[in-house]
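Okay, structure first, notes after.
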Protein chains: 2
Amino acid sequence: MADGGALPKAQITRRLILEAAASLFRQKGYAEVSLREIAQLAGVKTGSLYYHFESKESLVEEILTLGTQGAFEASRDAVAALGAAADPVDKLEAAFTAHARFLLEKEDFASANLKILPQVPPAIRERHVRQDREYATFVAAIIDEIADAGRLGPDVDRTLLRMLCFGALNWSISWFDPKGRSPSEIAAQLMILIRRGALASPS
Amino acid sequence: MADGGALPKAQITRRLILEAAASLFRQKGYAEVSLREIAQLAGVKTGSLYYHFESKESLVEEILTLGTQGAFEASRDAVAALGAAADPVDKLEAAFTAHARFLLEKEDFASANLKILPQVPPAIRERHVRQDREYATFVAAIIDEIADAGRLGPDVDRTLLRMLCFGALNWSISWFDPKGRSPSEIAAQLMILIRRGALASPS
DNA sequence: GTCTATACTCAGATAGAC
DNA sequence: GTCTATCTGAGTATAGAC
């Protein structure tokens with residue numbers, strides 16, 4: 001038998017390195033993590049990293065890509081599952097819930113992302129912001145759907161709304177506790193705010 | 001004349017160093033900034049830093065303290081200005097507006113704070129989280145006031161509400177543009193969400 | 001592909017002159 | 001108080017054996 005279906009053996013180590021790096025970056029930030037540490041956690045020696053990656057920078061760049069793409073895909077899939085004709089507010093809820101879950105319970109790539117993006121060398125950051133923009137456009141389109149149906153409050157700024165919501169969700173990695181509220185509950189609480197505010201009767 | 005009222009001359013340099021450090025930390029993060037850079041921006045030589053601070057860690061610790069205390073005081077003063085009998089929802093708005101303004105337009109201490117806190121050595125972080133908790137307690141009390149008046153929606157989680165709101169505001173340092181929406185407008189938009197949600201009529 | 005060993009760079013911190 | 005000069009350690013990265 002050929003290796004049909006089997007993992008390209010060489011890539012297993014590569015993946016191990018990526019996961020070790022993502023986990024450490026998430027905990028400690030970019031500059032605080034040394035290649036020695038990454039190598040140790042991945043179970044290889046420091047020099048070996050350079051067979052798989054050109055530099056620390058190229059390693060972190062791949063992690064950023066995996067994180068953003070993962071969150072975007074999770075979000076897009078969740079929305080697609082509702083069907084195009086679904087209530088756009090429900091689409092928003094699906095997107096935010098998927099985002100929160102990917103961010104908080106899936107893997108380290110997405111949370112490493114948020115943590116290290118501001119610390120990473122500018123050239124890398126710029127390239128990455130472009131990927132992130134695609135994701136933002138996707139969510140903006142859902143909000144446009146809501147607005148086009150005349151269902152957005154008159155003094156609501158669409159961009160600001162999107163920014164505040166993503167901020168609320170993204171910031172949760174700094175206080176999230178696996179033993180407390182679940183990612184879905186967090187997203188649900190945000191949707192309460194959107195759907196009818198926090199007050200019992202509007203003031 | 002004695003030096004009555006004059007700045008304790010020795011402390012001017014100290015303040016210069018703190019401001020230089022805060023500005024650099026805010027832009028680049030904790031580990032990415034060297035003491036040499038800080039010294040240069042402050043207009044002194046590297047060795048001189050050690051006359052004023054024991055270590056890089058003690059320097060960053062003081063910045064964290066200045067940032068959190070500043071935001072807390074700005075917030076508390078704004079609320080106090082309304083008087084104790086004011087509508088608690090208005091108090092919340094005053095607190096969030098002051099927070100956003102301090103964060104986005106005042107100085108570098110508060111924004112440096114949010115950027116570097118996750119990167120700083122654990123011992124320092126723990127000490128600092130304690131200060132931050134006082135601020136959180138203050139805002140939590142306002143939310144309790146609202147709830148005690150029976151004005152909070154039935155399925156609203158007070159803690160989650162506070163976390164999401166601070167997240168939305170704090171995250172804004174990553175996208176804030178001085179030429180775009182002002183800090184007050186950002187806080188106002190958040191208050192719209194709280195007061196009656198983003199939708200024209202609740203769904 | 002992965003190892004060992006090491007070159008090179010730059011960080012934080014210190015000592016002592018002024 | 002601030003300077004110059006320097007120490008020590010750690011980090012990224014490379015070379016070459018296996």
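Protein atom NE2 of B:H52 is 7 Å distant from nucleotide atom C1' of D:dG1, rounded to whole Å. Summarising the geometry, the separation between NZ on B:K45 and P on D:dT6 is reported as 16 Å, rounded to the nearest angstrom. Summarising the geometry, the separation between CG on B:L59 and P on C:dA11 is reported as 16 Å, rounded to the nearest angstrom. The interatomic distance linking A:Q40 (CD) with D:dG11 (C1') rounds to 15 Å, in whole Å. The separation between A:F53 atom CZ and C:dT2 atom P is 11 Å, rounded to whole Å. As a whole-Å value, the separation of B:L49 CG from C:dG12 P is 10 Å.
Nucleic acid contact class of B:S48 (heavy atoms, under 4.0 Å, all strands): base.
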Any chance you could list the contact pattern along nucleotides 13-18 of chain D? Use B for base contacts, S for sugar-phosphate-only contacts and - for none, protein heavy atoms under 4.0 Å, 5' to 3'. BB----

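Ion pairing between a basic and an acidic side chain is recognised when a charged N comes within 4.0 Å of a carboxylate O; B:E32 and B:K28 show no such pairing. Ion pairing between a basic and an acidic side chain is recognised when a charged N comes within 4.0 Å of a carboxylate O; A:E62 and A:R14 show such pairing.
Under a cut-off of 6.0 angstrom, the local environment of CD in A:E105 is crowded, with over 12 non-hydrogen atoms contributed by other residues, nucleotides or ligands.
Heavy-atom distances to DNA chain C give each of A:G43 and B:Y30 a nearest nucleotide, and the one nearer the 5′ end belongs to A:G43.
Applying the salt bridge (charged side-chain N to carboxylate O under 4.0 Å, His left out) test to residues at least two apart or on different chains, the pairs with a partner in residues 115-140 of chain B are B:E61-B:R127. Applying the ring pair (Phe, Tyr, Trp, His ring centres under 6.0 Å) rule to pairs touching residues 22-52 of chain B yields B:F25-B:Y30, sequence neighbours excluded.
Residue A:Y51 has no polar side-chain atom (N or O) positioned under 4.0 Å from OP1 or OP2 of C:dT2.
For A:T68 and A:H128, the side-chain atoms include at least one donor-acceptor pair closer than 3.5 Å.
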